[in-house]
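The structure appears below as structure tokens.
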2 protein chains.
Amino acid sequence: MTDSKGSGAGSRATAGSKRQRLMTATAQVVHRQGVERTTIADIARAADVPVGNVYYYFKTKDELVAAALTEHARQLSTLTDRLDALPDPRDRLKGLVAAWVGQRDVAARYGCPTGTLAVELDKRAEGGLDVEAGKVIRLLLDWVERQFGALGLPDPAGLALTLVGAYQGMSLLSNALRDPGVMTSQGDRLLAWLDSLDAASAVSHPG
Amino acid sequence: MTDSKGSGAGSRATAGSKRQRLMTATAQVVHRQGVERTTIADIARAADVPVGNVYYYFKTKDELVAAALTEHARQLSTLTDRLDALPDPRDRLKGLVAAWVGQRDVAARYGCPTGTLAVELDKRAEGGLDVEAGKVIRLLLDWVERQFGALGLPDPAGLALTLVGAYQGMSLLSNALRDPGVMTSQGDRLLAWLDSLDAASAVSHPG
DNA sequence: GTCTATAAGGGGATAGAC
DNA sequence: GTCTATCCCCTTATAGAC
């Protein structure tokens with residue numbers, strides 16, 4: 001359809017470029033302002049696209065929000081692809097935590113992009129976008145679960161919920177208290193916890 | 001001002017009763033629909049108060065939201081007061097976790113009332129309600145910190161962030177995945193973690 | 001104190017010119 | 001493909017009758 005490249009000779013790549021700009025702009029602006037308080041005009045301005053033209057690329061606001069979710073999924077797989085290059089699964093998980101802590105200022109100001117979006121979409125009855133948000137989070141959970149599984153630890157799914165849950169929790173608290181230090185201190189605890197996990201002894205909980 | 005009782009002889013207690021009904025109704029409806037998608041009409045209907053009459057008790061929508069936060073703080077202190085009756089601080093914390101798990105169906109459907117509200121209010125630039133949400137979460141953090149302190153554990157503030165963060169995280173995941181089982185399984189891990197904490201050995205992280 | 005009618009403003013979406 | 005003008009609905013908040 002209205003894909004980025006290779007379609008017509010006359011239209012050039014501007015169409016795809018504008019569409020992509022709208023996607024990333026939506027992801028950014030929605031993260032900062034929330035879905036409900038973000039207007040089409042806000043997105044158009046951020047993407048440097050004329051207001052009325054937005055509807056040529058996305059028929060509804062919901063489609064724009066769905067595009068933001070896709071964008072988050074894309075950024076997530078960029079990160080996990082990079083971490084997959086590490087030989088030790090434990091180092092991959094520690095690298096993930098390090099990436100989270102590296103985003104501490106953004107987290108303190110606006111929270112986790114995917115997590116806060118999931119919270120907001122849950123309150124939207126129509127459209128089924130809430131389910132889509134859950135799928136993006138599932139991508140992360142599954143990747144983390146594979147790492148715990150590769151380490152030979154018992155209940156890798158439960159451990160994945162604990163690690164990702166800890167991230168969502170510390171992001172929310174850091175955001176609510178406006179304190180990036182929460183990300184740093186809790187991140188240190190997570191790293192120590194990951195180091196302490198042993199395939200032999202089954203440490204039960206979140207820490 | 002327009003307080004619940006003791007003012008005029010002629011006005012009776014209906015004024016306070018309506019005001020209270022509006023507060024609890026706001027807390028409930030906002031939890032389910034979110035702030036932005038909740039209209040004054042929704043709240044009026046839930047509280048069984050005529051729409052136009054709402055403005056007699058609360059001048060703006062923001063005042064209603066602030067009232068919802070107060071309501072959450074009140075419900076929180078009801079819970080901690082009950083837990084304070086237990087002699088052992090560890091049992092108090094385990095009772096807190098049990099209370100969270102007991103609310104698993106609500107959490108899976110709508111998330112943590114205070115946490116989701118904090119996320120939403122953070123996106124509201126004006127009014128400073130985001131700071132108020134942080135204060136309510138602080139109340140819980142401080143209470144939890146006092147329990148860890150009473151147990152003689154090192155870094156009680158860090159432990160409090162870990163425990164409350166774990167709750168916020170599991171609520172968010174349970175909600176995003178629409179799975180109450182997350183609350184149960186992660187709650188079990190938290191209980192085991194609390195049992196394992198020892199004043200002598202310093203277990204570093206969240207679990 | 002209680003309630004109705006309505007003013008005022010904003011935002012999503014569309015029609016159609018260029 | 002691009003952009004402007006505009007329709008229409010919804011929501012907050014107020015004025016003022018009862």
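Predicted, not measured: the structure shown is a model, and the values here were computed from it. Each chain gets a letter, A, B and so on, in the order its sequence line appears, and its residues count up from 1.
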Here the residues of residues 62-71 of chain B within 4.0 Å heavy-atom distance, strictly under, of DNA chain C are none
Indicate whether any N or O donor in one side chain lies under 3.5 Å from an N or O acceptor in the other, for A/Glu71 and A/Thr26.
no
Set of side-chain contact (heavy atoms from CB on, under 4.5 Å) partners for B/Asp105, sequence neighbours left out
B/Pro180
Between A/Tyr55 and C/dA15, does any side-chain N or O lie under 4.0 Å from OP1 or OP2?
no
Whole-Å gap separating C1' (C/dT2) and OH (B/Tyr56)
9 Å
Could you work out, with side-chain hydrogen bond (donor to acceptor under 3.5 Å, both in side chains) as the rule, every residue matching A/Asp155, not counting sequence neighbours?
B/Arg189
If you take any heavy atom closer than 4.0 Å to DNA chain D, which residues from residues 42-50 of chain B end up in contact?
none
Write down the distance between CZ (B/Arg21) and P (C/dT2), rounded to a whole number of angstrom.
10 Å
Any residue of residues 32-40 of chain A with a heavy atom less than 4.0 Å from an atom of DNA chain C
A/Thr38, A/Thr39, A/Ile40
Can you check the A/Lys61 NZ to C/dA13 C1' distance for me, whole Å?
12 Å
Give the rounded distance in Å between these two atoms: CG of B/Asn53 and C1' of C/dC3.
7 Å
Only counting residues at least two apart or in another chain, list the ones meeting side-chain contact (heavy atoms from CB on, under 4.5 Å) with A/Glu145.
A/Asp142, A/Pro156, A/Ala157, A/Ala160
